[in-house]
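Encoded as structure tokens, the structure appears first; notes follow it.
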Protein chains: 2
Amino acid sequence: MEQNVIDASGLLAISTRLQRLSDQIRRDGLLIYKAFGIDFQPKWFPVLYTLYKKSTMSVVSLSDEIGYAHPSTISLLKELEKEKLIRSKKDKIDTRKRLVELTEKGKTLLSTMEPVWQVIIKATEEVTNTENNLMKAINEVEAALQEKSFLLRAQAYMNK
Amino acid sequence: MEQNVIDASGLLAISTRLQRLSDQIRRDGLLIYKAFGIDFQPKWFPVLYTLYKKSTMSVVSLSDEIGYAHPSTISLLKELEKEKLIRSKKDKIDTRKRLVELTEKGKTLLSTMEPVWQVIIKATEEVTNTENNLMKAINEVEAALQEKSFLLRAQAYMNK
DNA sequence: CAAATATATGTAGTTAACTACATATATTAC
DNA sequence: GTAATATATGTAGTTAACTACATATATTTG
């Protein structure tokens, strides 16, 4: 009985729990990069890694790829441009588009990060490979939400 | 092979993924309350629910209970006080302490929220009860981090 | 019991995402 | 081929957590 109350509280506070965990991991991530003497912020990862894989992308396609609203991507790109890790140029065909790519400095940084990534990946695996795997759980939940939103699911229960 | 790259990328971007999911769930939570015509923000939940369970608490003990830094709690309490959902009084014994409790309005709101919670709980269960249960995964990861931090685990790999 | 330390609360400023709105260019439809 | 619509980018302001610092009161120690 009391267990139900606790479960309810946990479920209702799930966004809070997720955010706290996110903050915690990000702070430690930053410390790990520092310990390796690398000037890199965890929040840069999705943008830089995507450009590393895909070479050249427009702002919106990059945003879609990493799952961010485009203004968030723009502000990350501003930082990365200031750090000279990326550069951008106009698309000759569709002049609305700004094409973004890694600079040499960016490519060099990403390759020097390889060993750090190995460490982070191992530590993350160690922490998340519990009975219920967190990464897989996130993937599954995101897939479920894509199929039918939280709000629609709730509304189905409301109409009963 | 490609699968490994995707996994590595996912693991490295874990804080980003967690935060995005958190944002998404919170936004939908707000919409659900709105749909019920209840003036309630998801972020209020941990504070109000804890006060509902424990009656009266100081600012710091409340913060510890919900796992927030105390300034975050103070700013939530300010909002809740403005909404007249909570009130506070000095601790007669230890005058440094501010004791916080629900007002009648707060208690009434929480009881009218009971049916909404049921809907949210059901929708959340539906979304999170996949093969790897998200709530359980969070609990497991938080327990693992409490035992040994992410940074310490990474450092163990660095020294090899 | 006075000084040093610890604890409780509070304020100011930061961060990293967001939404809403604005503008420029491209595409589609008549 | 022009008008209407859609798409791409950008700016401004918001949000909800945080850290760092400041102050007041309690507790501990010599």
Side-chain angles (χ1 to χ4, degrees), chain A residues 13-31 34 40-48 56-82 86 88-100, chain B residues 13-31 34 40-48 56-82 86 88-100:
Chain A
I14 192 165
S15 64
T16 295
R17 304 280 306 275
L18 285 168
Q19 179 161 350
R20 208 169 67 209
L21 194 51
S22 161
D23 284 352
Q24 216 169 321
I25 291 174
R26 171 155 295 167
R27 271 193 297 278
D28 272 358
L30 185 57
L31 291 175
K34 262 194 191 150
F40 185 83
Q41 298 195 38
K43 66 172 166 169
W44 293 347
F45 180 79
V47 166
L48 289 183
T56 293
M57 294 187 92
S58 74
V59 175
V60 165
S61 59
L62 183 54
S63 305
D64 290 347
E65 179 84 13
I66 66 178
Y68 273 16
H70 81 271
S72 314
T73 305
I74 290 173
S75 96
L76 286 171
L77 289 174
K78 260 184 201 155
E79 277 181 53
L80 294 170
E81 201 138 38
K82 201 187 284 175
I86 62 126
S88 40
K89 59 189 182 193
K90 268 253 151 68
D91 185 324
K92 297 253 167 66
I93 299 154
D94 185 341
T95 65
R96 292 171 306 178
K97 285 185 182 164
R98 172 180 153 200
L99 298 177
V100 184
Chain B
I14 190 164
S15 63
T16 296
R17 302 284 306 280
L18 287 167
Q19 178 160 352
R20 206 169 69 209
L21 192 52
S22 160
D23 285 351
Q24 216 169 321
I25 291 174
R26 171 154 296 167
R27 273 193 296 277
D28 271 357
L30 184 58
L31 291 174
K34 263 194 189 149
F40 185 83
Q41 299 195 38
K43 63 172 167 169
W44 293 347
F45 180 80
V47 166
L48 288 183
T56 293
M57 294 187 93
S58 74
V59 174
V60 166
S61 60
L62 183 53
S63 305
D64 290 346
E65 180 83 12
I66 66 179
Y68 274 17
H70 80 272
S72 314
T73 306
I74 289 173
S75 98
L76 287 170
L77 289 173
K78 261 185 199 153
E79 277 182 52
L80 294 170
E81 199 138 38
K82 201 188 283 176
I86 61 126
S88 40
K89 59 187 181 196
K90 269 253 152 69
D91 185 324
K92 298 254 168 67
I93 300 153
D94 184 341
T95 64
R96 293 172 305 179
K97 285 185 182 162
R98 172 179 153 201
L99 297 176
V100 183

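None of these values were measured; they are calculated from a predicted model. A note on names: the letters A, B, ... follow the listed sequences, proteins ahead of strands, and every chain is numbered from 1.
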Rounded to whole angstrom units, what separation is found between the [atom1] atom of [X] and the [atom2] atom of [N]?
X      : N       : atom1 : atom2 : result
D91(B) : dA8(C)  : CG    : P     : 11 Å
D23(B) : dT14(D) : CG    : C1'   : 13 Å
L77(A) : dA16(C) : CG    : P     : 15 Å
L76(A) : dG10(D) : CG    : P     : 13 Å
L18(B) : dA17(C) : CG    : P     : 12 Å

Q: Verify the contact: side-chain N or O of S58(A) to OP1 or OP2 of dT9(D), cut-off strictly under 4.0 Å; return yes or no.
A: yes
Q: Report yes if at least one side-chain N or O of K78(B) is closer than 4.0 Å to OP1 or OP2 of dT11(C); otherwise report no.
A: yes
Minimum-distance nucleotide to [X] side chain [options: [options]]:
X      : options                   : result
D94(A) : dA17(D), dT19(C), dT25(C) : dT25(C)
A69(A) : dT19(C), dA17(C), dA12(C) : dT19(C)
S72(B) : dC18(D), dT9(D), dT11(C)  : dC18(D)

Q | Check: R98(A) side chain, dT9(D) base, donor-acceptor under 3.5 Å | A | no
Q) Looking for any heavy atom pair under 4.0 Å, which part of the strands does R26(B) touch: base, sugar-phosphate only, or nothing? A) sugar-phosphate
